Amino acid sequence: MSRRWDKSTHSTPLLIPPPDMANSKFEYVKDFEQSDPLLPSTWIVVRIDGRGFHKLSDHYAFQKPNDRRALDLMNAAAVEVMKDLPDLCIAYGVSDEYSFVFPPTCQLFERRNAKLVTTIVSTFTAYYIYLWPTYFPSTPLAPPYLPSFDGRAVIYPNTRILRDYMSWRQVDCHINNLYNTTFWTMVLQGGMTNTDAEQELKGTVSSDKNEILFKRFGINYNNEGEIYKKGSVLYRQYELVEPKATPSTEDEASVPEAKQSRSQQDKLKKLRRKAQVVVDHVDIIKDNFWARRPWILSGTPGKLPQN
Ligand SMILES: Nc1nc2c(ncn2[C@@H]2O[C@H](COP(=O)(O)OP(=O)(O)OP(=O)(O)O)[C@@H](O)[C@H]2O)c(=O)[nH]1
Ligand SMILES: [Mg+2]
Ligand SMILES: [Mg+2]
């Protein structure tokens with residue numbers, strides 16, 4: 001086989017097949033590739049989760065039940081993902097997981113499932129590892145305990161269900177944190193064995209755990225850190241925009257991006273890219289959070305609500 005090198009467009013020479021090999025008998029293998037676009041006009045949630053973080057957190061001696069450094073590192077990596085992908089409108093993180101949300105109007109990567117998931121997972125992992133020394137300066141990462149994440153995309157057909165999804169994750173955060181806080185207080189402060197603490201907590205409800213914490217250890221669960229009780233919510237904060245500069249009656253962003261003019265799309269993208277990504281630890285189950293920040297669900301970078 002003769003070799004020809006394309007020097008014109010690539011600094012690294014590329015091997016170009018001779019004409020008789022182009023579109024050759026091998027090219028049929030392309031037909032095995034399946035397209036995987038996610039249903040149009042639906043919310044897309046990409047949820048990633050740390051692989052084997054139970055072992056990894058033990059190995060690097062994360063504090064129990066919560067290690068603030070580990071959570072701050074998760075949040076820092078997620079902020080970089082939000083900055084890298086301006087299409088994302090909100091993200092929610094707890095423990096070793098993060099949910100990243102694309103709006104129904106999103107056309108990024110033609111909404112291809114694998115491309116969206118793998119981009120988020122690898123960007124997040126890259127930043128997690130890159131930023132590790134900032135949060136764990138005296139604990140270097142070393143094989144075989146290297147952090148990795150899995151990911152999946154799920155679509156939700158309307159805003160109510162998307163909000164129910166977000167509420168589900170925050171309720172999970174609350175239930176797990178109350179359990180873990182009580183369990184580790186019984187073990188670390190109460191001197192109980194893991195098995196005894198687990199046994200005693202079996203079948204208990206929230207009020208029982210609150211009572212154990214308060215009566216036995218003088219801990220008021222309400223006073224625990226908001227980051228632990230509520231998880232972390234990331235969204236874009238826009239500078240105050242003059243009312244006439246905001247989109248008019250029909251929200252631009254409610255029109256599918258494919259149907260928006262190029263200049264409208266560019267304008268929105270620019271605003272999203274310039275916006276500051278905020279990390280908050282607040283209730284996202286009640287309406288208040290969303291009502292005060294209408295641009296998150298409408299996709300329209302707008303006016304900050306007046307207090
Ligand atoms: N000590 C401590 N452990 C944490 C913290 N955050 C997460 N973890 C650990 O990470 C685990 C995350 O749970 P999972 O995602 O269900 O379990 P996993 O071990 O990652 O397993 P897979 O996700 O199935 O691979 C928790 O059970 C904890 O053991 C933390 O702040 N402190
Ligand atoms: Mg995990
Ligand atoms: Mg998890």
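In what follows, every heavy atom counts, from backbone to side chain, and hydrogens, waters and symmetry copies are set aside. Since we're looking at a predicted model, the values are computed, not measured. Just so you know, ligand 1 is whichever comes first in the structure, and atom 1 is the first atom listed for that ligand.
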(request) Indicate yes or no: does Lys229 engage Glu226 in a salt bridge with an N to O separation below 4.0 Å. (result) yes
If we number the atoms of ligand 1 from 1 as shown, the ones under 4.0 Å from a heavy atom of Arg51 are 25 (O)
Worksheet item: Is Arg163 paired with Asp287 through a side-chain N to carboxylate O contact shorter than 4.0 Å?
Response: yes
Any ion pair linking Arg216 and Glu211 (charged N to carboxylate O, less than 4.0 Å)? no
(Q) Does the plane of the ring in His59 sit parallel, tilted or perpendicular to the ring in Tyr145? Use 30° and 60° as the thresholds. (A) parallel
Min over Ser148, Ala61, Pro65 of heavy-atom distance to atom 30 (C) of ligand 1 lands on Pro65
For atom 26 (C) of ligand 1, the closest protein heavy atom turns out to be Ser95 OG, 4.4 Å
| task | Start with the C-alpha gap between Lys286 and Asp283, add the side-chain angles, then the distance that decides, and say whether salt bridge (charged side-chain N to carboxylate O under 4.0 Å, His left out) holds. | result | CA-CA 7 Å; Lys286 296 193 200 90; Asp283 184 300; 3.4 Å; yes
Check: Would you say atom 16 (O) of ligand 1 has a protein heavy atom nearer than 4.0 Å?
Finding: no
Looking only at protein heavy atoms, what sits closest to atom 23 (O) of ligand 1 is Asp49 OD1, 2.7 Å
Atom 5 (C) of ligand 1 sits nearest the protein heavy atom Phe62 CD2, 4.1 Å
Atom 25 (O) of ligand 1 sits nearest the protein heavy atom Gly52 N, 2.7 Å
| query | Within the structure, does Gly50 bring an N/O atom to less than 3.5 angstrom of an N/O atom in ligand 1? | reply | yes
Strictly inside 4.0 angstrom of atom 1 (N) of ligand 1, do you find any protein heavy atom? yes
The protein heavy atom nearest to atom 19 (O) of ligand 1 is His54 N, 2.8 Å
Q) Strictly under 4.0 Å, does any heavy atom of Asn66 approach an atom of ligand 1? A) yes
Listing protein N, O or S under 2.8 Å around the Mg ion (ligand 3) gives Asp49 OD2, Asp96 OD1
With heavy atoms and a 4.0 Å threshold, my read on which part of Gln63 contacts ligand 1 is backbone
Mutual orientation of the aromatic rings belonging to Trp295 and Tyr235 [parallel < 30°, tilted 30-60°, perpendicular > 60°]
tilted
>> Regarding Asp172 and Arg169, does a basic nitrogen lie under 4.0 Å from an acidic carboxylate oxygen?
In response: yes
Checklist line | Plane angle bin for Phe32 and Tyr28 - parallel if under 30°, tilted between 30 and 60°, otherwise perpendicular | finding: perpendicular
Exactly one candidate in Phe100, Tyr98, Tyr127, Phe124 meets ring pair (Phe, Tyr, Trp, His ring centres under 6.0 Å) with Phe149; the answer is Phe124
side-chain contact (heavy atoms from CB on, under 4.5 Å) test vs Leu178 passes for just one of Ile175, Thr182, Thr181, Asn180, namely Thr182
Pair Lys55 + Asp58: basic N to acidic O under 4.0 Å:
no
Check: of Asp96, Val94, Asp67, min heavy-atom distance to atom 13 (O) of ligand 1 comes from Asp96
For this session: For residues Tyr60 and Trp132, establish whether the separation of their ring centroids is below 6.0 Å.
Result: yes
min-distance protein heavy atom vs atom 18 (P) of ligand 1 -> Phe53 N, 3.5 Å
(message) Under a 3.5 Å distance rule, please check whether Gln170 uses its side chain to pair with a backbone N or O of Ile284 as donor and acceptor.
(response) yes
